[in-house]
Engineer: 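Let me begin by handing over the structure; questions about it come next.
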Amino acid sequence: MTSQDSVSAPAQARLRRALPALMLLGLTACSTSTGIVKRYPGNYGSEPAASTSPSYGSSTAADADAALARGDAAAAARSYQAAAADATPEQAADLRLRAADASLAARDPFRADQILDQIPAQTSDPVLQTRYRLLRAQSALMRNDSARALRLLPAGDPGGDPQLAERQLLVRAQAQARGNDPIGLTQSLVLREHYLNGIVALNANRETLWNLLQGATLDAATLGRAASQPPLVRGWLDLAALHRRRATLGEFDLWRKRYPRHPGEERLAALYAPSPSLTMAPALTPAEAAQQPLAPYAPLGTAPNNGLFPDVTAGAPLAHGRSIALLLPQTGPQAAFADALRAGYASAASAGSAPPARVYEPSAYGQAVSDGAGVVVGPLLKENLTVLAQSPALPVPVLGLNYLDGNRIAPPGLYQFGLAPEDEARAAAEDAVSRGLRRALSMTPSSDWGNRVQSAFETRLRELGGVVVDSGRYYGEPQAWADPVRKLLRYVAIDDKKKAAEARAKAGPDIDPQRRNDFDFVFIGARASQARVLWPLFRYYHADRTPVYATSAVNEGPGDGDLSGIRFCDVPWLLDGISGALQPLRDAAQNGRSREAARFYAFGADAWLLANRIAQNALRPGDLVQGATGALAVETNGAIRRKLVCARMTNGGDPSVMAPGIEPALNSLSPPP
């Protein structure tokens with residue numbers, strides 16, 4: 001492939017198959033109803049439509065369709081690739097596009113790019129070109145390169161096939177949201193409505209637009225630039241700005257008069273409503289209602305919270321009861337963390353105009369239900385959650401604040417959400433692969449914590465097409481850790497300087513003759529105190545130029561020389577430069593608390609966010625909710641995983657958030673198997 005931005009192949013017949021679903025899940029939790037899109041929950045993309053392959057006389061194409069039907073996108077990609085090997089050139093191009101699409105659904109953009117590279121160059125087929133560029137754009141966006149995604153997509157009305165056009169506009173809006181371009185994303189989604197059919201699809205598109213605007217900059221300069229836009233575009237931006245600053249009823253009335261018959265009018269009923277409560281309050285007279293504080297928009301939007309808690313939905317009446325209950329330890333070693341969690345929850349609930357939750361002992365689920373709880377949050381400890389999960393069914397939904405062991409099946413109604421270090425290990429693998437680093441050495445402690453972190457990192461890296469080349473364990477006192485590091489690197493000392501220089505000259509560029517060279521980066525599971533010993537040892541044994549990742553436990557604030565350069569993935573609210581709106585939460589969380597307790601404060605804020613969505617039946621598999629502890633992805637089994645922000649430790653300063661981009665591998669002897 002000579003160019004990543006164009007496709008070719010001697011096409012003898014125009015391919016008439018439109019691209020299977022290309023909805024991104026990165027910034028919004030919306031779903032569209034185009035008739036051929038099936039949500040692929042729990043990842044960055046969406047599943048290509050099953051059973052849509054043309055008949056190529058190949059069982060492998062049918063196998064791919066079957067794999068998609070059972071949710072195994074990676075297997076589908078392999079089957080499409082196998083089918084392409086025996087197909088005609090134009091059929092092979094179509095099958096490889098399907099294979100790339102399935103790879104994106106499997107969260108492997110680099111594999112998708114490799115497949116797209118196999119499509120030969122230059123074709124005049126516009127449908128093939130459009131499908132190709134759209135897949136390239138999605139891959140770029142999954143690798144956090146929104147600028148390239150926008151370059152690959154048409155800037156105006158894409159025209160052509162309606163299904164392709166509406167998906168191009170959706171991906172473009174997602175990229176514009178990543179680039180903080182509220183005017184552009186509004187233009188794209190307003191235009192997208194021309195290619196949608198039916199009220200369900202239109203409502204889903206408007207929900208997407210509204211949600212994306214909640215995270216956008218809507219300052220005076222942006223609104224000034226929007227003044228020249230058509231009324232449809234300008235109206236959405238003005239309404240979102242009014243919502244953001246909790247405008248008065250009179251200001252909303254003026255908006256309605258300025259933009260008559262604007263589709264945003266359907267939101268005014270919720271905006272006008274009095275502030276709802278989680279307890280059933282008596283109905284207000286119109287005069288009383290006029291005096292009530294303005295309620296935030298409820299269904300799937302974001303409650304105004306003065307920038308403290310992002311993406312907090314308003315407290316609409318509960319679907320299953322009249323209150324939310326917390327099951328938390330009130331004594332013992334975890335009580336301090338439970339207190340911090342409860343404080344964060346209460347602050348978020350207050351920002352969402354809801355009363356604080358009633359707190360029960362961890363085993364008091366039945367009592368909470370008897371008292372009228374509509375959603376139960378907790379328990380916090382795994383052993384308590386495991387006991388609760390033994391129930392065949394739960395009369396009211398539960399947001400557990402931990403995760404069940406992998407071999408346990410959660411009963412219906414149980415969600416699982418925690419501050420698991422496994423999320424950080426997975427995020428490290430994802431960030432490394434996004435930078436072209438696919439072969440790892442890992443060093444973790446010989447403990448249950450180390451086993452969990454190692455397993456999560458290795459599994460996620462393998463899913464993305466990478467490999468853990470070798471792993472080591474450290475234990476005992478720090479003075480004993482040099483030996484496992486040396487063995488992992490297969491370091492051989494050459495004390496004679498002349499012999500060492502000769503060995504380097506013979507080895508060639510970027511090859512170290514004194515240690516192994518079959519890896520691109522290192523992953524270590526360690527706290528800051530442990531990393532201060534391990535990272536200097538890796539440097540001493542000649543891995544000083546190698547990227548090294550760790551869990552967030554290394555982030556204790558400003559770094560030092562022994563931590564400088566270590567990469568880690570952590571919660572957004574702890575990293576400067578991510579969002580000024582999170583600074584108030586950071587101040588509140590760290591007010592007299594340790595760093596670990598402060599994390600539980602933010603954890604509590606996100607627990608309120610999720611519980612309130614559960615209360616409104618507005619949390620579904622495939623949703624991605626922007627929270628303080630990360631982007632919260634809802635999986636099919638009810639587990640909610642955190643997508644984190646990755647940064648690098650500095651010497652004497654705060655950690656520095658890393659910009660996206662491909663890094664050259666220093667030890668590029670061979671690709672991973």
Engineer: Would you verify whether the NZ or CZ of R641 falls within 45 degrees of the ring axis of Y403 while also being under 6.0 Å from that six-membered ring's centre?
Structural biologist: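 Flagged: R641 positioned over aromatic ring of Y403.
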Engineer: Would you tell me whether Y491 and R515 have side-chain atoms, one donor and one acceptor, within less than 3.5 Å of each other?
Structural biologist: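 No, R515 and Y491 have no side-chain donor paired with an acceptor closer than 3.5 Å.
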Engineer: Before accepting this row, confirm whether a basic side-chain N of the pair D470/R516 lies closer than 4.0 Å to the acidic partner's carboxylate O.
Structural biologist: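 A salt bridge is present here (some side-chain N lies under 4.0 Å from a carboxylate O).
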Engineer: Is the shortest distance from a Lys or Arg side-chain nitrogen in R131 or D101 to a carboxylate oxygen in the other one below 4.0 Å?
Structural biologist: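 No.
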Engineer: Salt-bridge test for R642 and D570: reply yes if a basic N is under 4.0 Å from a carboxylate O, no otherwise.
Structural biologist: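 A salt bridge is absent here (no side-chain N lies under 4.0 Å from a carboxylate O).
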Engineer: Please determine whether a side-chain nitrogen of the Lys or Arg among R595 and E556 lies less than 4.0 Å from a carboxylate oxygen of the Asp or Glu.
Structural biologist: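 E556 and R595: not salt-bridged.
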Engineer: State, yes or no, whether a side-chain contact exists between L150 and R172 at a heavy-atom distance under 4.5 Å.
Structural biologist: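 Yes - at least one pair of side-chain heavy atoms lies under 4.5 Å apart.
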Engineer: Name the orientation class of the two ring planes belonging to F603 and F417 (parallel below 30°, tilted from 30 to 60°, perpendicular beyond 60°).
Structural biologist: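 Rings of F603 and F417: tilted, as their planes differ by 30° to 60°.
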Engineer: Does some side-chain heavy atom of D405 sit less than 4.5 Å from a side-chain heavy atom of K382?
Structural biologist: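 K382 reaches D405 side chain to side chain.
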Engineer: Restricting to salt bridge (Lys or Arg N to Asp or Glu O under 4.0 Å), what partner residues turn up for R426, sequence neighbours left out?
Structural biologist: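 Expected list: D423.
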Engineer: Is there a salt bridge (charged side-chain N to carboxylate O under 4.0 Å, His left out) between R136 and D117? Walk through the geometry before answering.
Structural biologist: CA-CA 10 Å; R136 285 289 195 193; D117 287 343; 2.5 Å; yes
Engineer: Quick one, T546 and V548 - any side-chain contact, counting heavy atoms below 4.5 Å?
Structural biologist: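 No, their side chains stay 4.5 Å or more apart.
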Engineer: Does any non-hydrogen side-chain atom of L404 lie less than 4.5 Å from one of L414?
Structural biologist: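 They are in side-chain contact.
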Engineer: Any donor-acceptor pair under 3.5 Å linking the side-chain atoms of S442 with those of E458?
Structural biologist: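 Absent: no donor and acceptor within the cut-off.
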Engineer: Any ion pair linking R599 and E596 (charged N to carboxylate O, less than 4.0 Å)?
Structural biologist: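 Salt bridge absent between E596 and R599.
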